[in-house]
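Some notes on the structure that comes next.
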Amino acid sequence: MSSLLIRNLSQIATPLGNTAARGAAMRSLRVHEKSVLVIRDGRFAYVGPESDKPADLAIDEDFDARGATAIPGFVDSHTHIPFAGLRESEFNRRLQGETYEQIAASGGGIASTVYATRRASEEELVANVLTRAQMMARYGTTTAEAKSGYGLDKECELKQLRAIRRASETSPVRLVPTCLAAHEFPPESRNSESARQGYVATILGEILPAVAEEKLAVFCDAFVERGVFSRQQGEMVLRAGAALGMIPRLHADELSDTDGAALAAEMNCASADHLMQISERGIDALAASNTVANLLPATSFFLMADKYAPARQLIEKGAIVSLSTDCNPGTSMTESMQVVVQLATLQLRMTVEESITAATLNGAYSLRLAEETGSIEVGKRADFLLLDAPTYLHLVYHFGVNLITSVFRDGRRVM
Ligand code: NIG
Ligand code: FE
């Protein structure tokens with residue numbers, strides 16, 4: 001039993017609870033002024049004024065926060081980090097006017113990352129995941145989902161998921177794996193409808209069973225999109241994953257409205273992600289469900305899109321909203337949840353309080369971890385950040401810089 005006292009905090013700001021917050025409840029943060037934290041065995045043992053700290057709570061170690069503000073560690077519930085190769089020249093083409101879809105149609109896009117990822121060894125992918133996890137931690141993430149989806153054949157999808165598992169052993173960030181074999185059709189199966197159906201059959205008959213056999217993924221995901229997987233194919237993949245014990249999540253209504261949000265709600269998916277093109281029907285379906293609307297404003301920003309997801313409508317109708325980076329080499333090359341929170345307020349018009357809830361507790365809920373992390377409360381894992389700021393509002397107010405001075409995961413200082 002070892003215990004750590006964090007003292008000299010200006011504020012502790014956190015959502016509360018072991019489940020998601022929705023609607024107006026997303027705005028209610030608990031703010032402790034001039035309080036302390038006590039961590040014992042990796043979990044919060046006390047949160048509040050030092051004068052009220054139980055006398056029998058022995059302290060072994062003492063940490064001076066020097067006036068910092070503490071908030072829960074960010075939970076980034078949508079990332080594509082086990083990839084090889086970068087795409088800065090495609091990015092530059094987009095800056096000259098080509099669209100993401102035009103570049104993908106000319107052989108770039110996801111396919112170019114698939115070539116590089118297939119060529120990479122498992123060791124290289126482990127190293128890439130760790131490099132990105134370290135960058136994430138530096139910017140305040142303590143838990144991140146990580147998707148495969150740049151292998152698109154059995155061997156390489158397994159290689160990506162094994163790399164996530166191996167990286168977890170030393171990663172500063174807790175990693176939660178998702179199989180996204182249905183991210184795109186592989187180059188060898190793109191030329192005919194029957195080849196495409198053949199790849200769906202491979203996912204159902206070979207890839208998902210092998211992933212389940214090695215217990216490599218908690219979640220299963222699919223990219224339902226115009227020109228990629230149809231709604232019906234996406235549903236088949238998610239049902240097959242669910243039958244093997246993988247919880248579904250869905251890339252939905254990103255570049256076009258394919259009624260993906262309603263499908264995600266119908267299938268009781270953990271999350272429906274992106275939602276830039278979601279319809280009224282989709283918004284209502286999510287609001288009436290426990291499927292989290294996972295918004296990725298850095299993707300709209302990086303794609304220079306006119307449209308951002310309708311966060312205000314989703315919140316006002318009562319949907320559960322979370323925020324993530326979508327970290328990937330094509331549409332969102334960032335590990336920073338601070339940037340995401342800033343875009344959520346300044347572009348999606350979420351309040352700072354809603355954005356913090358979305359980036360912590362609600363993300364944890366979508367990863368089925370809300371009982372363990374996502375808020376600063378006695379009993380939960382001590383995953384939290386210290387910001388060089390007198391109040392939590394500085395997270396957006398003082399934008400574009402890294403405000404993090406320390407990151408703790410399971411009570412251990414990882415940055
Ligand atoms: O979430 N939507 C599909 N997948 C990624 C893009 C991946 C890529 O371009 O490599 C996304 O935006
Ligand atoms: Fe994505």
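Atoms within each ligand, like the ligands themselves, are counted from 1 in listed order. For this chain, numbers begin at 1 and follow the sequence in order. For the numbers below, each heavy atom of this structure counts, side chains included, while hydrogens, waters and symmetry mates do not.
- Draw a line from the Fe ion (ligand 2) to NE2 of His78 and another to NE2 of His251, and the angle between them is 90° (to 10°).
- Taking every heavy atom of Asn328 and a limit of under 4.0 angstrom, the matching atoms of ligand 1 come to 5 (C), 6 (C), 7 (C), 8 (C), 9 (O), 10 (O), 11 (C), 12 (O).
- In this structure, Phe301 has its ring center at least 6.0 angstrom away from the ring center of Tyr308.
- With a 4.0 Å heavy-atom cut-off, ligand 1 is reached by no atom of Glu225.
- Cation-pi check for Arg190 over Phe185 is not met; the charged atom does not lie both under 6.0 angstrom from the ring centroid and within 45 degrees of its normal.
- Annotation: Tyr139 is not in aromatic contact with Phe74 [ring centroid separation under 6.0 Å not met].
- Atoms of ligand 1 lying under 4.0 Å from at least one heavy atom of His183, given by number and element, are 3 (C), 4 (N), 5 (C), 7 (C).
- For the pair Asn290 and Ile320, the tightest heavy-atom approach, listed with the atom from each and the gap, is O-CD1, 4.0 Å.
- Shown in contact with Gly330 at under 4.0 Å from a heavy atom are these atoms of ligand 1, numbered in order with element: 9 (O).
- Residue Tyr100 approaches ligand 1 through these ligand atoms, each under 4.0 Å from one of its heavy atoms: 6 (C), 7 (C), 8 (C), 9 (O).
- Residues Ser112 and Glu90 have side chains that bring a donor and an acceptor to within less than 3.5 angstrom of each other.
- The shortest separation from a heavy atom of Glu184 to ligand 1 is not under 4.0 Å, leaving the residue out of contact.
- If you check the side chains of Ser256 and Gln277, you find no donor sitting under 3.5 Å from an acceptor.
- Pairing each heavy atom of Thr325 with each of Ser332, the nearest pair is O-OG, 2.8 Å.
- Scanning the protein for heavy atoms near atom 2 (N) of ligand 1, the closest one is Glu254 OE1, 2.6 Å.
- Counting the atoms of ligand 1 from 1 in the order shown, those under 4.0 Å from a heavy atom of Ile110 are 7 (C), 8 (C), 9 (O), 10 (O).
- Contacts between Tyr150 and ligand 1 below 4.0 angstrom, taking non-hydrogen atoms only, involve the side chain exclusively.
- Listed by number with element, the atoms of ligand 1 under 4.0 angstrom from any heavy atom of Thr331 are 6 (C), 9 (O), 11 (C), 12 (O).
- Ligand 1 places these atoms under 4.0 Å from at least one heavy atom of His274: 1 (O), 2 (N), 11 (C), 12 (O).
- For ligand 1, the polar-atom distance check against Thr299 finds no nitrogen or oxygen pair separated by under 3.5 Å.
- Close approach of ligand 1 to Asp326 is summarised as follows: ligand atoms under 4.0 Å from at least one heavy atom of the residue are 1 (O), 11 (C), 12 (O).
- Phe384 and Phe408 have their aromatic ring centers within a separation under 6.0 angstrom.
- Counting only N and O atoms by type, the side chains of Thr373 and Lys380 include no donor and acceptor under 3.5 Å apart.
- Between Pro177 and Leu161 the shortest heavy-atom distance is CB-CD2, 4.3 Å.
- Within Asp326, the N, O or S atom at minimum distance from the Fe ion (ligand 2) carries the name OD1.
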